[in-house]
Amino acid sequence: MLMWNGKYINVKKEIEAGVETIYFQNSKVTKITKVNNGYIYTIDQYVDSPRSMYELIESLGDDYSIFRNMIVSRNERTFDKAASLPIGVDNTGSTVYDSIFVITNPYFKAQGFDLMSESLTATMLIPSNAVIEQALSDARASLNEWGLTRVDSIMENWIFQSAFFNKKYVKQDFADNEDLTSIFSKQWRTTIQKVDLDEPVSMSNGVAYYINSMKIPTNVLIYRLKDYMKYYELLNETEKASYFDATNLTYSKTATEVTAWSGWPAAGFPYIENRVVYFNLTDNTLKEFTLNFVPFHYKDLTAGSHETTPYLIPPGEYDLCLGFKQKLGHDVAVAFNGEYINTITASELTSTTYHYDRGGQGYPEGYDTSKATDSKKTNYDRDGGKVGVVTITGTEAVPVTITLSCPNMDTKTSTLFHHWCLKPTKNCY
């Protein structure tokens, strides 16, 4: 119910032992009097008119200053000429106003969510400075353990973008739903994040809950893991044996099949080549091969030296994507950490799905095909063809092995490899 002060309050009825009681917010109706033009409700205490969402955000204390500033820093102060009263003219001939300014937040409005509106029906989750700092500290520690980096702004943006919902959620909603989706399409996994659901804060346009602890999801810390097999020619014999454990394969050559190019150079997307590594069957009469490949980082050092380290993949669920070459000419059976995943048939490999990284699913983070400029922009730096979904169990990040094999090469006597990609799913949390 909208009151004269512009605030909405909740009206509810409770029935106990057959007796109906009406409440206006926190105030119990003790008597109802019918008059000739309406009703008078006598209540047992002053109605506690709740603050709106934005008023609550503004009133957050120093212990919540990080979250508060994440929101209010995106405000815009706009002169409202129509509401401002002209009071004179200055010496340049310009009208002087008794000025009215309006505070808006276009960042949230772009999501159809007006923080200042009393007509919202929303839920807000509030993290303290301590909760945010711990979440960021844990995330940075994880990234360091995995040998990866992530800019702070992405992690910080997720913290507030995951905290606003355009529905009013009660405690049972958090129990009934594994995932809630914020107005910014961010995933809030209720089984992992810890929220104080027993002390809701009533707002005139929704409800707020304080967060006890927060984890920045793995699928936020990792957009995708992708690398190439072209480095084989640069490895020493020990490294080749460690990362390319091959049976019935002999190295043939490494070739650049597509010279380096960028789908959107003006936006800073790098020039990338399609370079592949070729192998021949060591014994053509066997008609089969197996490659146990361990994904690794390759880093050039000074004086022509290099270092390699295996990727440490965090626990969770991933889409496994691969790239070869269109019309490879033979089946490829794929296993992950010793578990069979799928077989890509020779007929499937006639399409562009597994053609280097020019097909399949996904693009690099931030790549927008509607704005990219190259004529081949939809072929740029994709994940590759999805082979299946894989899961890494346990609690530690570990090296993994992707096994590629063909039990029957038929007339083919060679094969080639381009890249691998692991794309975190929503369950990589």
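Values below: every heavy atom of this structure, side chains too, minus hydrogens, waters and symmetry copies. For the single chain, residues carry numbers from 1 onward in sequence order.
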(message) Any carboxylate oxygen within less than 4.0 angstrom of a Lys/Arg side-chain nitrogen, looking at K423 and D383?
(response) yes
(message) In the structure I gave you, are the side-chain heavy atoms of V334 and L320 within less than 4.5 Å of one another anywhere?
(response) yes
(message) Salt bridge or not between R224 and D381? Use side-chain N to carboxylate O under 4.0 Å.
(response) yes
(request) Indicate yes or no: does E58 engage R68 in a salt bridge with an N to O separation below 4.0 Å. (result) no
(request) Taking the side chain as every heavy atom from C-beta outward, state whether Q326 and T350 have any atom pair closer than 4.5 Å. (result) no
(message) One thing to verify: whether E257 and R275 come together as a salt bridge, which I'm taking to mean a side-chain N less than 4.0 angstrom from a carboxylate O.
(response) no
(message) Which label fits F113 and F108: parallel for a plane angle under 30°, tilted from 30 to 60°, or perpendicular past 60°?
(response) tilted
(message) Within the structure provided, determine whether Y210 and Y64 are in side-chain contact (heavy-atom separation under 4.5 Å).
(response) yes
(request) In plain terms, say whether E145 and R140 are close enough for a salt bridge, that is, a side-chain N and a carboxylate O under 4.0 Å apart. (result) no
(message) Would K230 and Y228 count as a cation-pi pair here, with the cationic atom under 6.0 angstrom from the ring centre and within 45° of the axis?
(response) yes
(request) Measure the shortest side-chain to side-chain distance between Y243 and M229 over non-hydrogen atoms and say whether it is less than 4.5 angstrom. (result) no
(message) When you compare the side chain of T247 with that of F289, does any pair of heavy atoms fall below 4.5 Å?
(response) no
(message) Please determine whether salt bridge (charged side-chain N to carboxylate O under 4.0 Å, His left out) holds for the pair D198 and K171, giving the CA-CA distance in whole Å, both sets of side-chain angles, and the decisive distance to 0.1 Å.
(response) CA-CA 8 Å; D198 294 321; K171 182 177 182 179; 2.6 Å; yes
(request) Answer whether the closest heavy-atom distance between the side chains of R74 and F160 falls below 4.5 Å. (result) yes
(request) Sort out for me which residue in I392, T218, N337 forms a side chain to side chain contact (heavy atoms under 4.5 Å, CB included) with I313. (result) I392
(request) Taking the six-membered ring of F279 (Phe, Tyr or Trp), confirm whether the NZ or CZ of K253 is under 6.0 Å from its centre and within 45° of its axis. (result) no
(request) Compare all side-chain heavy atoms of D196 with those of I211 and state whether any distance is below 4.5 angstrom. (result) no
(request) Give a yes or no on whether a salt bridge exists between D173 and K167, defined as a side-chain N under 4.0 angstrom from a carboxylate O. (result) no
